[in-house]
Amino acid sequence: MLLETALERTFLAIKPDGVQRGLVGEIIRRFETKGFTLVGLKFMSVSKELAEQHYDVHRERPFFAGLVEFITSGPVVAMVWEGEGVVASARKIIGATNPLTSEPGTIRGDFGINIGRNLIHGSDAIETAQREIKLWFKDDELVSWTPHLTPWLKE
Ligand code: IDP
Ligand code: MG
């Protein structure tokens, strides 16, 4: 019997600089036209508690306080995207952490110049994605669906 394997999912968030600079549509477009599937989306303010939990691995880093202050400073667009290999592929589409060294063609490489204003967050591994999706979204906020264009994307 052929068991359908659960598709990989990642957590992405357009940070306050991406929202303030009017790049929400441009950023979403890149994942949409690539062929990944949007399964969760919300425009929201981030509480200090959520920010601290999200960036928990960086708690001891000198930039932690600034990071939490920034992500809570204005609205963000929280998203879950689905597709084969989406975690690693989204990281490539996003580009390296420091926009000055991110490749042109990536989101950070095309739109940023500063590591503290790098526009978007993306989960760095499948396990991290699972943790972050659970942290940011309730189960009933995620929508499982099959886009009609799937046969045109996969053989
Ligand atoms: P990532 O976003 O590419 O996964 P991480 O190393 O997980 O990068 O760092 C989380 C966020 O912290 C980065 O996106 C960036 O905004 C910020 N950050 C990382 N390193 C520095 C730094 O050296 N100075 C200031 N901010 C930093
Ligand atoms: Mg990271």
Side-chain angles (χ1 to χ4, degrees), residues 5-139 141-144 153:
T5 49
L7 270 173
E8 189 174 309
R9 288 179 173 181
T10 196
F11 171 73
L12 306 179
I14 304 173
K15 299 183 187 184
D17 51 338
V19 173
Q20 295 291 350
R21 291 180 53 199
L23 291 169
V24 169
E26 168 67 30
I27 289 172
I28 290 177
R29 184 189 64 78
R30 294 185 176 214
F31 300 99
E32 209 175 25
T33 54
K34 172 74 172 166
F36 292 127
T37 305
L38 183 64
V39 294
L41 174 73
K42 53 185 175 181
F43 187 58
M44 60 186 283
S45 301
V46 180
S47 67
K48 189 162 184 257
E49 294 67 40
L50 175 58
E52 286 179 348
Q53 285 181 67
H54 174 73
Y55 282 127
D56 192 55
V57 291
H58 299 302
R59 209 170 269 275
E60 306 306 324
R61 312 280 283 276
F63 54 85
F64 179 73
L67 201 51
V68 170
E69 195 182 334
F70 180 61
I71 201 86
T72 58
S73 69
V76 310
V77 178
M79 301 178 280
V80 178
W81 286 85
E82 184 177 83
E84 219 177 298
V86 69
V87 174
S89 179
R91 291 280 294 188
K92 286 201 157 199
I93 292 168
I94 289 168
T97 305
N98 185 346
L100 275 185
T101 56
S102 311
E103 293 294 330
T106 65
I107 293 167
R108 288 169 172 170
D110 285 351
F111 300 117
I113 48 169
N114 182 271
I115 196 167
R117 297 288 182 271
N118 63 6
L119 301 151
I120 176 168
H121 165 85
S123 308
D124 63 9
I126 290 174
E127 304 71 50
T128 319
Q130 288 165 348
R131 183 185 95 83
E132 292 175 350
I133 290 167
K134 212 176 277 174
L135 185 61
W136 286 76
F137 283 87
K138 300 189 190 98
D139 282 348
E141 291 176 322
L142 300 175
V143 181
S144 295
L153 285 166

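We count ligands from 1, going down the list as the structure has it; atoms in each ligand are counted the same way.
The shortest N or O to N or O distance between H58 and ligand 1 is under 3.5 Å. Considering backbone and side-chain N/O atoms, Y55 never comes within less than 3.5 Å of an N/O atom of ligand 1.
With E8 contributing its side chain and V86 its backbone, the two residues share a donor-acceptor pair below 3.5 Å. Side chain of T128 to main chain of D124: no donor-acceptor pair is present (N/O by atom type, distance under 3.5 Å, no hydrogens or angles). Judged by distance alone, the side chain of R108 and the main-chain N or O of N114 form no donor-acceptor pair under 3.5 Å. A donor-acceptor pair under 3.5 Å is absent between the side-chain atoms of N118 and the main chain of N98, judged by distance alone.
The protein heavy atom nearest to atom 22 (C) of ligand 1 is F63 CD2, 3.5 Å. At the shortest separation from atom 2 (O) of ligand 1 among protein heavy atoms lies R108 NH2, 3.1 Å. Given atom 17 (C) of ligand 1, the protein heavy atom at minimum distance is L67 CD1, 3.6 Å. At the shortest separation from atom 3 (O) of ligand 1 among protein heavy atoms lies T97 OG1, 2.5 Å. Among all protein heavy atoms, the one lying closest to atom 16 (O) of ligand 1 is I115 O, 3.0 Å.
With a 4.0 Å heavy-atom cut-off, ligand 1 is reached by no atom of I94. At a heavy-atom distance under 4.0 Å, only side-chain atoms of N118, from C-beta outward, approach ligand 1. Contacts between H121 and ligand 1, counted as non-hydrogen atom pairs separated by less than 4.0 Å, are absent for every part of the residue.
Within 6.0 Å of the CD atom in E141, the count of heavy atoms belonging to other residues, nucleotides or ligands exceeds 12. Atom NZ of K42 has more than 12 heavy atoms from other residues, nucleotides or ligands within 6.0 Å.
Distances from ligand 1 to the non-hydrogen atoms of R91 include at least one value under 4.0 Å.
Contact check for P16 versus I71: side-chain heavy atoms found under the 4.5 Å cut-off.
No cation-pi contact links R61 to Y55, judged by a cut-off of 6.0 Å to the six-membered ring centre and 45° from its axis.
Every atom of ligand 1 is numbered from 1 in the order shown, and the set under 4.0 Å from a heavy atom of K15 is 13 (C), 14 (O), 16 (O).
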